[in-house]
Amino acid sequence: MDPFYDTIIIAEKPGVAKAFAYSLSNPGRPKIISINRITLYSFKYKNKKILSFGVSGHILNFDFQKKYNNWKNTDPRTLFFIDPIQIVRKGSWKYYDTLRKLSQKTNHVILALDADVEGESIAFEVMNIMKKYNPNIKFDRAWFSAITKEDILNAVDNLTKPNPNLANKAFARMIVDLTIGAAFTRILTLMIEKRSNVLPRGKFISYGPCQTPVLYLVVKRALEREKFKKKKYYSLNAKLTNGIKIFNAVYYKEKIESFEEANSILNRIKNTSKATVIKADYTTRNILPPEPLNTIELERRCSRFLNIRPQETLNIAENLYQDGLISYPRTETTKYPKTINLIKIAKKFIDYQDIGPFVRKIISTKISPRQGSEDDKAHPPIYPLKNLPKDKIIQKYGRKGWNIYNLVVRHFIATLSKPAVIEKQKIIAKIKNEKFIIEGLKIIEEGFYTVYPYDKPSENILPYLLPNDTLEVIEIKIIEKETKPPPYLSESQLLKLMKKYGIGTDATMQDHIQTNIKRKYFVVDKKRCIPTPLGKILTTSLYETVPEIVEPEVRGKMERKLQKIAEGIVEPNEVIQEIKREFLEYYDRLRENEEELSKKLIKALITVYSNEYEKRVSRRYQNYKDKQRKRR
DNA sequence: GCAAGGTC
């Protein structure tokens with residue numbers, strides 16, 4: 001018998017489809033069936049026969065018609081004047097085919113995609129595919145802000161209609177990104193290939209409205225570093241003691257310009273044996289626990305605390321999520337939803353590592369979790385779901401997997417913990433008339449640091465002194481110092497800047513870093529981003545002619561224009577044309593400077609690809625000689 | 001052979 005479903009629910013990922021099935025199924029549990037190796041859930045809800053399953057993100061993508069995809073025969077400029085077409089993504093045919101089959105088996109579909117513009121655009125992809133095979137289907141939208149039973153029931157009881165404005169914003173973004181990226185990547189690559197064969201087969205010079213501003217941020221810092229001129233300066237250090245402990249005191253002026261000045265101060269005080277305390281400040285300060293974890297913070301902390309690269313962090317987190325150890329790892333949210341039972345989750349960790357007793361104490365008191373302010377309305381912050389022993393986790397996910405899992409668990413417990421209390425200690429002592437400063441730090445209450453030692457400050461406890469107390473001077477000396485250039489940008493700082501400028505999304509930020517590495521524009525060494533000569537030349541020479549396409553603000557400006565589509569203020573095509581016109585102007589300006597630009601790029605390319613270049617030349621020479629030999 | 005965005 002061919003089953004007919006009253007309703008088919010389509011989610012963005014299998015996990016959500018499963019949550020819908022288990023939240024709604026009544027009576028009984030959902031039955032699992034399989035089409036094209038996709039898992040689907042069949043169940044009853046309010047006496048209706050329902051089927052749910054997840055497509056994995058987008059099913060369709062934009063591309064140019066085939067005839068425009070030959071780089072050599074197509075002037076990249078023409079890409080600004082044609083409309084890309086939607087195609088089925090590689091690997092998405094099984095979802096396409098499943099939608100086609102199922103469109104014959106229902107007249108009602110609930111679009112349960114994520115509550116954001118990408119989710120809405122996937123909803124329209126689903127609708128357009130299914131309508132083609134069954135024009136009678138009625139479509140509703142389930143809009144839910146957390147994947148909990150309560151939210152799911154609420155969404156299903158309050159269905160809305162899909163919003164084309166949101167979807168069109170996402171489609172417009174896809175179109176302009178493809179057009180701009182392809183046009184600039186092709187022209188940059190072709191201008192090199194026309195003049196040189198330094199680019200190995202399959203390599204190209206790319207441009208993208210996310211990747212290039214990321215490179216700019218890295219190069220900008222490297223140039224500041226290169227331009228930096230070191231300067232010598234002097235400081236005075238004094239060793240003082242109260243008879244019990246020895247303290248390091250530094251001269252109150254951080255920098256003394258000349259040795260002579262430092263020396264004259266030293267001469268004035270060097271025979272003094274006593275220092276007098278003139279001020280002693282002990283101020284306590286609360287340090288709040290960290291905010292609930294979102295993707296970018298997970299990546300930044302794993303980079304800083306664990307020295308794991310963002311891309312690997314997200315990969316491992318995805319695996320931990322797939323196996324049900326942690327919640328969904330791609331989220332902007334830093335605020336626990338009201339529907340989440342924090343105590344229940346914490347209870348799972350009452351025997352975790354060495355922090356069990358601490359966790360027991362937390363759940364026996366009234367907790368008020370630390371809350372952030374970001375909410376993507378689709379996913380909760382990242383938190384642990386299961387307590388598994390260390391050796392099991394290491395066995396399956398490696399040491400890095402354990403370290404990341406352990407961070408997620410401890411971070412979660414930390415957000416439920418009390419603030420730490422520290423005491424900042426500052427003593428000012430006078431040697432004759434010269435002021436010296438001693439600084440100390442004492443941890444009064446460990447608070448969340450008990451479970452979260454990663455950025456716990458180190459203690460340096462000073463005794464409690466009072467004004468007019470006397471200290472012995474052990475020695476005073478002049479220290480010669482040098483001003484330091486700014487360090488290369490760390491990956492953690494880079495992520496923070498990307499967020500500040502709105503470059504990329506939680507799920508893609510690490511991709512944009514990775515693209516630059518793949519293109520040999522920069523490398524990451526010891527957590528720091530160091531540009532290659534190619535990356536530097538590409539950025540600086542593009543910046544000289546078309547700063548507008550390199551500046552970190554590019555993406556944000558584009559985003560604001562696209563946002564008007566979502567708000568229904570401007571027609572999508574109007575925005576698409578406006579952005580295309582703007583970038584066409586930049587494109588033309590770039591071409592005017594093609595000669596100079598390509599010369600510079602070729603020079604830099606040789607440094608990056610010299611090995612490969614030489615190998616290729618020698619291989620060709622070898623071929624030539626082989627042929628000659630055969631002829632003889 | 002292009003981009004950036006979903007997700008695996």
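The shown structure was predicted, so the numbers you read here are calculated from the model rather than taken from an experiment. All chains are named by letter (A, B, ...) in the order of the sequence lines, taking the proteins before the strands, and each is independently numbered beginning at 1.
- Between A:Y543 and A:Y216, the gap from one ring centroid to the other is short of 6.0 Å.
- Nucleic acid contact for A:S56: base, since at least one base atom lies under 4.0 Å from a heavy atom of the residue.
- Put simply, A:T515 has no side-chain N or O that comes within less than 4.0 Å of OP1 or OP2 on B:dA3.
- One finds no side-chain N or O of A:R201 lying less than 4.0 angstrom from the OP1 or OP2 phosphate oxygen of B:dG1.
- Base contact: A:N69 has a heavy atom under 4.0 Å from a base atom.
- At a threshold of 4.0 angstrom between heavy atoms, the contacts of A:L178 include nucleobase atoms, whether or not backbone atoms are also involved.
- Summarising the geometry, the separation between CG on A:D506 and P on B:dG5 is reported as 10 Å, rounded to the nearest angstrom.
- Residues A:D177 and A:R555 are paired through a salt bridge, judged by an N-O separation under 4.0 Å between the basic side chain and the carboxylate.
- More than 12 heavy atoms of other residues, nucleotides or ligands shown are found within 6.0 angstrom of CD on A:Q577.
- Ranked by how close their nearest DNA chain B nucleotide is to the 5' end, A:R519 and A:Y95 are led by A:R519.
- Considering only side-chain N and O atoms, A:H512 lies under 4.0 angstrom from the phosphate OP1 or OP2 of B:dG5.
- Among the heavy atoms of the strands lying under 4.0 Å from A:T189 is at least one base atom, whether or not backbone atoms are also near.
- Taking for each of A:R173 and A:E318 the nucleotide of DNA chain B with the nearest heavy atom, the 5'-most of the two is the partner of A:R173.
- Residue contacts shown for A:A170 are absent, as no nucleic acid heavy atom lies under 4.0 Å away.
- A distance below 6.0 Å separates the ring centres of A:Y587 and A:F80.
- Looking at heavy-atom distances under 4.0 Å, A:D63 makes contact with a base.
- Both stacking criteria are satisfied for A:W71 over the base of B:dG1: a centre-to-centre distance under 5.5 angstrom and an angle between ring planes under 30 degrees.
- Residue A:N319 is out of contact with every strand shown, counting any heavy-atom pair closer than 4.0 Å.
- Both tests do not hold together for A:K580 against A:F81: distance to the six-membered ring centre under 6.0 Å, angle to the ring axis within 45°.
- Across all strands, A:Y207 comes closer than 4.0 Å only to sugar-phosphate atoms, never to a base (heavy-atom distances).
- Between A:R141 and the options A:I110, A:N163, A:L113, A:L159, a side chain to side chain contact (heavy atoms under 4.5 Å, CB included) holds for only A:L113.
- Checking the phosphate oxygens (OP1, OP2) of B:dA4, no side-chain nitrogen or oxygen of A:T508 falls inside 4.0 Å.
- For B:dG1, the base has a donor-acceptor partner in the side chain of A:E193 [N/O atoms by modelled type, under 3.5 angstrom].
- In terms of phosphate contacts, A:R555 brings a side-chain nitrogen or oxygen within less than 4.0 Å of OP1 or OP2 of B:dG5.
- Heavy atoms of A:G504 sit under 4.0 angstrom from primed sugar atoms or phosphate atoms, though from no base atom.
- A:I82 places its CD1 atom 17 Å from the P atom of B:dC2, with the value rounded to the nearest Å.
- The side chain of A:R186 approaches B:dC2 more closely than any other nucleotide in the set B:dT7, B:dC2, B:dG5.
- At a threshold of 4.0 angstrom between heavy atoms, the contacts of A:P14 are confined to the sugar-phosphate backbone, with no base atom among them.
- Nucleic acid contact for A:Y328: sugar-phosphate only, since backbone atoms but no base atoms lie under 4.0 Å from a heavy atom of the residue.
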